[in-house]
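Step one of this worksheet: look at the structure below.
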Amino acid sequence: MAYWLMKSEPGTYSIDDLERERSTGWDGVRNYQVRNMMRDEMRKGDQAFFYHSSCAEPGVVGIMTVRGGGRPDPAQFDPESPYCDPKSDPDNPTWLLVEVAFKRKLSRTITLAELRGQPGLDDFQLLRRGNRLSVVPVTPAQWELILSLE
DNA sequence: GCCAACGTTGGC
DNA sequence: GCCAACGTTGGC
């Protein structure tokens with residue numbers, strides 16, 4: 001079982017939205033590296049941190065479970081969607097999503113500021129300069145360390 | 001709102 | 001294949 005961190009802007013989709021819906025298709029990923037990770041590495045039963053980005057207090061806010069591997073993201077074929085991609089071939093869709101389920105909210109936000117400078121997180125991909133991937137892998141040691149801060 | 005970092009596009 | 005221009009992400 002692998003661990004992940006998945007970013008979402010709370011103004012677009014927050015941990016409260018996921019708690020209400022219990023599960024969702026993690027749509028809108030339009031980055032090839034992330035797509036390949038979803039296709040090749042994310043598996044049912046994996047655990048993921050829910051991370052709020054581009055907001056007043058960026059940080060880890062909850063935990064979810066990966067429900068299923070990549071399937072085509074319907075938004076790429078929806079002309080009304082901001083995620084529509086006219087270049088994607090319906091017979092061979094470019095973009096995938098994974099299904100995720102709500103597990104729990106953290107009792108508090110573990111902020112980005114807190115994660116920075118934390119001994120043991122030197123190699124955490126989220127903290128690397130210029131990192132913009134919306135899904136990043138988390139090692140078991142990093143997972144435990146971050147949870148211990150709660 | 002600013003800006004650094006990075007990805008994508010498209011001319012050549 | 002190179003690279004400049006442009007778009008997006010996301011912290012601050």
Side-chain angles (χ1 to χ4, degrees), chain A residues 2-21 23-42 46-66 69-100 102-139 141-143 145-150:
Chain A
Y3 297 101
W4 308 94
L5 177 144
M6 301 170 77
K7 301 179 188 174
S8 180
E9 300 185 18
T12 303
Y13 194 85
S14 73
I15 186 71
D16 292 325
D17 294 321
L18 181 60
E19 181 175 36
R20 201 175 315 117
E21 295 185 6
S23 73
T24 193
W26 199 266
D27 64 357
V29 170
R30 295 294 178 267
N31 172 284
Y32 288 102
Q33 266 180 271
V34 175
R35 182 208 57 188
N36 294 347
M37 245 184 315
M38 294 197 303
R39 183 188 60 197
D40 303 333
E41 297 177 52
M42 295 183 86
D46 287 357
Q47 307 264 99
F49 286 131
F50 195 123
Y51 177 91
H52 280 173
S53 66
S54 293
C55 57
E57 196 178 49
V60 177
V61 293
I63 298 175
M64 28 187 196
T65 305
V66 177
R71 63 173 169 88
D73 178 351
Q76 68 196 306
F77 303 120
D78 177 3
E80 302 299 309
S81 169
Y83 303 126
C84 182
D85 182 358
K87 284 178 296 183
S88 182
D89 175 4
D91 293 329
N92 185 21
T94 309
W95 304 113
L96 306 174
L97 56 70
V98 292
E99 204 71 32
V100 293
F102 178 83
K103 187 166 182 193
R104 71 176 179 91
K105 270 204 243 189
L106 298 192
S107 56
R108 66 183 191 84
T109 300
I110 299 172
T111 65
L112 176 63
E114 212 175 334
L115 296 177
R116 286 195 195 284
Q118 191 68 229
L121 292 183
D122 320 323
D123 297 327
F124 190 22
Q125 202 171 327
L126 178 79
L127 306 178
R128 283 224 279 268
R129 232 168 73 98
N131 169 65
R132 293 169 28 187
L133 298 184
S134 60
V135 177
V136 297
V138 179
T139 69
Q142 290 163 348
W143 181 271
L145 198 159
I146 292 166
L147 268 188
S148 77
L149 300 174
E150 185 185 7

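Since the structure is predicted, the reported quantities are computational estimates derived from the model, not experimental observations. The figures that follow rest on heavy atoms only: side chains count, while hydrogens, waters and symmetry mates do not. Chain identifiers are assigned alphabetically (A, B, ...) following the order of the sequence lines, protein sequences preceding nucleic acid strands; residue numbering begins at 1 within each chain.
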Test item: [X] side-chain N/O and [Y] main-chain N/O as donor-acceptor pair under 3.5 Å:
{"X": "A:Gln76", "Y": "A:Trp95", "answer": "yes"}
{"X": "A:Asp73", "Y": "A:Asp27", "answer": "no"}
{"X": "A:Asn36", "Y": "A:Gln33", "answer": "no"}

Nearest to the side chain of A:Pro58 - B:dA5, C:dG11, B:dG7? C:dG11

Side chain of A:Ser54 (C-beta onward), nearest among C:dC12, B:dG7, C:dG10: C:dG10

Using a 4.0 Å cut-off on heavy atoms, which residues in residues 76-99 of chain A reach DNA chain B? List them by number, or say none. A:Lys87

Is it the case that A:Glu57 and A:Thr111 place a side-chain donor and acceptor less than 3.5 Å from each other? no

Can you see if the side chain of [X] gets near the phosphate of [N] - specifically, an N or O under 4.0 Å from OP1 or OP2?
{"X": "A:Tyr32", "N": "B:dC6", "value": "no"}
{"X": "A:Arg116", "N": "C:dC12", "value": "yes"}
{"X": "A:Lys7", "N": "C:dT9", "value": "no"}

Can you check the [X] [atom1] to [N] [atom2] distance for me, whole Å?
{"X": "A:Asn36", "N": "B:dG7", "atom1": "CG", "atom2": "P", "value": "13 Å"}
{"X": "A:Leu133", "N": "C:dG10", "atom1": "CG", "atom2": "P", "value": "9 Å"}
{"X": "A:Leu127", "N": "C:dG11", "atom1": "CG", "atom2": "C1'", "value": "12 Å"}
{"X": "A:Asn131", "N": "C:dT8", "atom1": "CG", "atom2": "P", "value": "19 Å"}
{"X": "A:His52", "N": "C:dT9", "atom1": "NE2", "atom2": "P", "value": "17 Å"}
{"X": "A:Asn31", "N": "C:dG7", "atom1": "CG", "atom2": "P", "value": "18 Å"}
{"X": "A:Leu112", "N": "C:dG10", "atom1": "CG", "atom2": "C1'", "value": "10 Å"}

Have a look at [X] and say if it touches a base, only the backbone sugar-phosphate, or nothing, with a 4.0 Å heavy-atom cut-off.
{"X": "A:Arg128", "value": "nothing"}
{"X": "A:Arg129", "value": "sugar-phosphate"}
{"X": "A:Gln33", "value": "sugar-phosphate"}

So, under a plain 3.5 Å distance rule, would you say the side chain of A:Arg132 forms a donor-acceptor pair with the base of C:dT8? yes

Reference residue A:Trp26; test ring pair (Phe, Tyr, Trp, His ring centres under 6.0 Å); the match among A:Tyr83, A:Trp4, A:Phe50: A:Phe50

Residue pair A:Arg132 / A:Asn31, side-chain heavy-atom distance below 4.5 Å: no

Within-4.5 Å side-chain heavy-atom neighbours: A:Ile63 and A:Leu147: yes

